[in-house]
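Below you'll find the structure, written out as structure tokens, and then a few comments.
Below, chain A is the first sequence line, B the second, and so on; all start at residue 1. Computation of the quantities below employed the complete heavy-atom set of this structure, encompassing side-chain atoms and omitting hydrogens, waters and symmetry-equivalent molecules.
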Amino acid sequence: MAKITLNDLRHSYMPNPQNPADYALKRLDLEWKDGGAYALLGPSGCGKTTLLNIISGLLIPSHGKVLFGEQDVTRLPTDARNIAQVFQFPVVYDTMSVYDNLAFPLRNRGVPEAQVDKRVRTIAEMTDLTGMLKQRASGLTADGKQKISLGRGLVRENVNAIMFDEPLTVIDPHLKWLLRSKLKELHQKLGTTMIYVTHDQTEALTFADQVVVMKDGEVVQSGTPIELFEKPQHTFVGHFIGSPGMNIIPCKVSGGEVHVGARKIEVSNASKLGDRNGTFELGVRPEFTSFAAAGLAVRVAKVTDTGRNKIVDTRLGDLSIKLLVDNGAAIPSDGAHLAFDTARTQVYDNGWLAE
Amino acid sequence: MRVSKWLVPTLYIFFLMLPIYWLVSMSFKTTNEILGGFSLFPQNFTTENYVKIFTDPTWYWGYINSLAYVSLNTVISVAAALPAAYAFSRYRFLGDKHLFFWLLTNRMAPAAVFALPFLQLYSSIGLFDSYLAVALAHTLFNVPLAVWILEGFMSGVPKELDETAYVDGHSFPSFFFKIFLPTIAAGIGVAIFFCFMFSWVELLLAKTLTSVEAKPIAAVMTRTSSTSGYELGLLAAAGSLTIIPGAIVIWFVRNYIAKGFALGRV
Amino acid sequence: MNKTVNQKAWFFVLPVVILVAFNALIPLMTVVNYSVQETFGDNTFFWSGVRWFEQILQSDRFWASLGRQLFFTFTILAIEVPLGVAIALTMPKKGPWVSVCLVLMALPLLIPWNVVGAMWNIFALPDIGLLGKLLNSIGFDYNYTRQTGDAWFTLILMDVWHWTSLVVLLAYAGLVSIPDAYYQAALIDGASKWKIFRFIQLPKMKRVLTIAILLRFMDSFNIYTEPVVLTGGGPGNSTTLLSIDLVKIALGQFDLGPAAAMSLIYFLIILLTSWIFYTLMMRNEEQ
């Protein structure tokens, strides 16, 4: 087990990259403490799988270093890195029993059979596979097979880190939650570093202590789930996280004041704005937007009942601004005014939080 | 390590090309040179064998005849197989599994068993020595194969496509020809390839059912070796030419070969 | 797929049924007809029951041909299947040369069978053929037209040359369809190349291999043209395989009765063995 450091990491799949667009990973500097639960969150194509494969050794980066502890493992082959990986779809050895599947990584490394048996049973216990050890692996359901994949990753005792590449993709929705909880439980019990790649914010936010949000090969923000929710550094983060995501409203800044149309809006980072030219946007979450007697004038377009509350979709011209309203609260039928919680409203310059 | 990976396929291909090279090099020698001794390359390079083939009607008609019945067979086999494959893929009906199995058993039949019965059958309906006779006879093997291949591809297309088309107002013919067939174009290509292949290479039935009018090139070749006594150069040229249609067809479907084997039945 | 029950589907299969029935059932009836009757060549027929069947099953000639056929089929299966798989394993998954490779490998499959026979006939001639000359100059006393052993050697070599590519193509298609993740997982699990073959590649190729073995079994059991053109069944009748013998009796001697009986027995043998093969392999897969 070790600290994982990514140093000036860049990767291009092309032999002669010319410009930033040719890079799948643009530039990364990250440090992950030993034993943490991390998530790599981002939409398809953001480079998260590339990053995962570089850490696990299935890919050698075109530039930069990967360190496990103090050791430079950038060019080290996969089996020398002591990592484990769980893939998007279950990878099991069909012809072997569940027991033999779990034993496989240990037997390949010459571990004595008595120890193999002990270890396999321990892991089977942890992943609820004990009753199925004698069965043929091919006969299990998708979630059972993913547990086998997970078990194969855990069975080696000196594993540096376990990577998960969107492991719940083929699992039935009602079983996803069970498997997620199981992963969290295992993490707490074993303390192994776990790195979880996904495009699903719920999976990331519920699993990880620290989430790294990626877009177009770059890290946009890295922080705890709460930090990401409350203080998004980038409009992308604000929009991607939260359901519904943060409202992004174009605005104008002059003389330290923020205006949306004719209306002046109070924001939390007004003092940081200074004198600059840029594309400015206001970011505020629907949770912190409410109807008021006076404020930004909008038109109520649609009301969606989620059961827990209501999501009201209002329109400012063509722009959609959403807010959450408690069940039973009054919703204006047509024209309305919106107020924003100043402490939770911030201005973004070219997408980035103005600081 | 990269070198040794290429070694095996290279050696294998070299082994495959050797007899073909020998055939082609012989086609450019005179029969005297061939029989006179051993030479790795043609000593007296000559194209007289090819000239003979292109100018002698007996010879070039052999090719035309072969191409004729092979094409006829391919069209018939695939055309008949398409609706059948569709039925097997989309519907359950009385006796469907048994029918499918019975079709496949015909592929297993030894051609030798059918030689005499076919001769009698096609003679009795007046089709002896015609393209149609050979084309029809070959459907015994090609139709089951085409149905098998096409059904595999069709099963890969979800039924939702059919239903959407009907909802959009298509009639069945309109759906089948304008939407469905383009979707399984790769499968049709594979089926055409295999039908062509089996019909082009088969000799026994083709020879048995023809004599003069529809004589395939294969029969012309065997006739030559027995009557005029081993005109080897000529034979070699004729043989070399028969490789060309196959090479062309396979070049066209080369992208579908792996896909064709992989989809469908794998 | 959720298939709906629809008896009208019979209209769809009608063209196919007609074609195949015409070509299969009518000849079959003819053959059955001949197999139980005797004629003296003047178009009069007498019922002879199982006489022809008995004659065939008691004839040494039939059993000799069957024996040769079985030897041939099992030998080429034993060579072509492992060889084809081995070659497919060494081929790269993608790249510019792959299609060229596949096309060249497939070429022997598209050559008319008589040309294959003729090609090897001349290629293997002791004095003027490349193979024959080569073998003789190394020191072997090689003459396939006179010596039985050499004839068998050439026959088998020819078939391997001709058909191994079919196994290669099928095995390659099976290999190419294995997702990368399996190989990646194997790397992580520390599996050796042999273990990768045994636990990942071989199981995933089971279906294609079944098809390959079945096809080769059937086609080699039915083989006619290539050996006929290569050796004519000789020297003597040492390479006379089952269909060669059948054609001799049917078209050569016009012994309709025995030919018909032999045809039925022949067909039955191959039907039975194919069915056994197929069931065994399918059962293996379901286990």
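- For the pair C:A106 and C:L169, the tightest heavy-atom approach, listed with the atom from each and the gap, is CB-CD1, 4.1 Å.
- Looking at B:L121, the atoms closer than 4.5 Å to chain C (heavy atoms on both sides) all sit in the side chain, from C-beta outward.
- Contact tally against chain B (heavy-atom pairs below 4.5 Å) for C:S165, C:G132, C:S99, C:P15: the top residue is C:S165.
- Of the atoms belonging to B:L204, heavy atoms from both backbone and side chain fall under 4.5 Å from chain C.
- Ring geometry for C:F123 versus C:W120: interplanar angle over 60°, hence perpendicular rather than tilted (30 to 60°).
- With a 4.5 angstrom heavy-atom cutoff, C:F217 does not touch chain B via any of its atoms.
- Heavy atoms of C:L25 lying under 4.5 Å from chain B belong exclusively to its side chain.
- When each of B:Q120, B:E202, B:M197, B:M108 is scored by its heavy-atom pairs under 4.5 Å with chain C, the top score falls to B:M108.
- Both the backbone and the side chain of B:F15 come within contact range of chain C, judged by heavy atoms closer than 4.5 Å.
- Most heavy-atom pairs under 4.5 Å with chain B, from the set C:L242, C:N114, C:L107: that is C:N114.
- A cation-pi arrangement is not found for B:R90 relative to C:F12, the charged atom failing to lie both closer than 6.0 Å to the ring centre and inside a 45° cone about the ring normal.
- Heavy-atom minimum distance, B:S199 versus B:N142: CB-ND2, 3.9 Å.
- Per-residue heavy-atom pair counts under 4.5 Å with chain C were compared for B:V143, B:T242, B:L103, and the maximum is reached by B:T242.
- Across all non-hydrogen atoms, the minimal contact from C:G84 to C:V167 is CA-CG1, 3.9 Å.
- If you measure heavy-atom distances from B:F114 to chain C, the contacts under 4.5 Å come from the side chain alone.
- Between atom OG1 of residue C:T73 and atom CD1 of residue C:I270 there is a gap of 8.0 Å, rounded to the nearest 0.5 Å.
- Contacts between B:S77 and chain C at a heavy-atom distance below 4.5 Å are absent for every atom of the residue.
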Working for side chain to side chain contact (heavy atoms under 4.5 Å, CB included), residues C:L110 and B:V249: CA-CA 9 Å; C:L110 293 159; B:V249 170; 5.8 Å; no
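- In this structure, chain B has a heavy atom under 4.5 Å from the side chain of C:L246, while its backbone stays farther away.
- The residue among C:N6, C:T164, C:V98, C:L109 with the most heavy atom pairs within less than 4.5 Å of chain B is C:N6.
- Of the listed residues B:F88, B:F141, B:F196, B:Y86, the one with more heavy-atom pairs under 4.5 angstrom with chain C than any other is B:F88.
- Among the candidates B:L11, B:T139, B:L94, the residue making the largest number of heavy-atom pairs closer than 4.5 Å to chain C is B:L94.
- From B:R107, atom CZ reaches atom CG of C:L215 across 5.5 Å, with rounding to the nearest 0.5 Å.
- Contact of B:I125 with chain C is made through the side chain alone, with heavy-atom distances under 4.5 Å.
- Ranked by heavy-atom pairs under 4.5 Å with chain B, the first of C:I244, C:V247, C:T30, C:I87 is C:I87.
- Shortest non-hydrogen contact noted between C:Y266 and C:F221 is OH-O, 2.6 Å.
- The side-chain contact (heavy atoms from CB on, under 4.5 Å) test with C:T225 is passed by exactly one of C:I223, C:V228, C:V229: C:V229.
- Nearest heavy atom pair, residue B:C195 against residue B:A146, reads SG-CB, 4.0 Å.
- B:W22 touches chain C through its side chain: at least one heavy atom from C-beta onward sits under 4.5 Å away, while N, CA, C and O do not.
- In this structure, chain B has heavy atoms under 4.5 Å from both the backbone and the side chain of C:V20.
- By number of non-hydrogen pairs under 4.5 angstrom with chain C, the leading residue of B:V147, B:T10, B:L18 is B:L18.
- Per-residue counts of heavy-atom pairs under 4.5 Å with chain C were compared for B:A109, B:A206, B:A247; the largest is that of B:A109.
- For C:L130, the parts lying near chain B are the backbone and the side chain together; criterion is any non-hydrogen pair under 4.5 Å.
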C:D245 and C:S65: CA distance, side-chain angles, deciding distance, side chain to side chain donor-acceptor pair (under 3.5 Å) verdict: CA-CA 7 Å; C:D245 207 19; C:S65 295; 2.8 Å; yes
Please step through side chain to side chain contact (heavy atoms under 4.5 Å, CB included) for the pair C:V32 and C:L264, ending with a clear verdict. CA-CA 8 Å; C:V32 172; C:L264 285 177; 4.0 Å; yes
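- At a 4.5 Å heavy-atom cutoff, C:A124 makes no contact with chain B through either its backbone or its side chain.
- Within a 6.0 Å sphere centred on CZ of B:F172, other residues, nucleotides and ligands contribute more than 12 heavy atoms.
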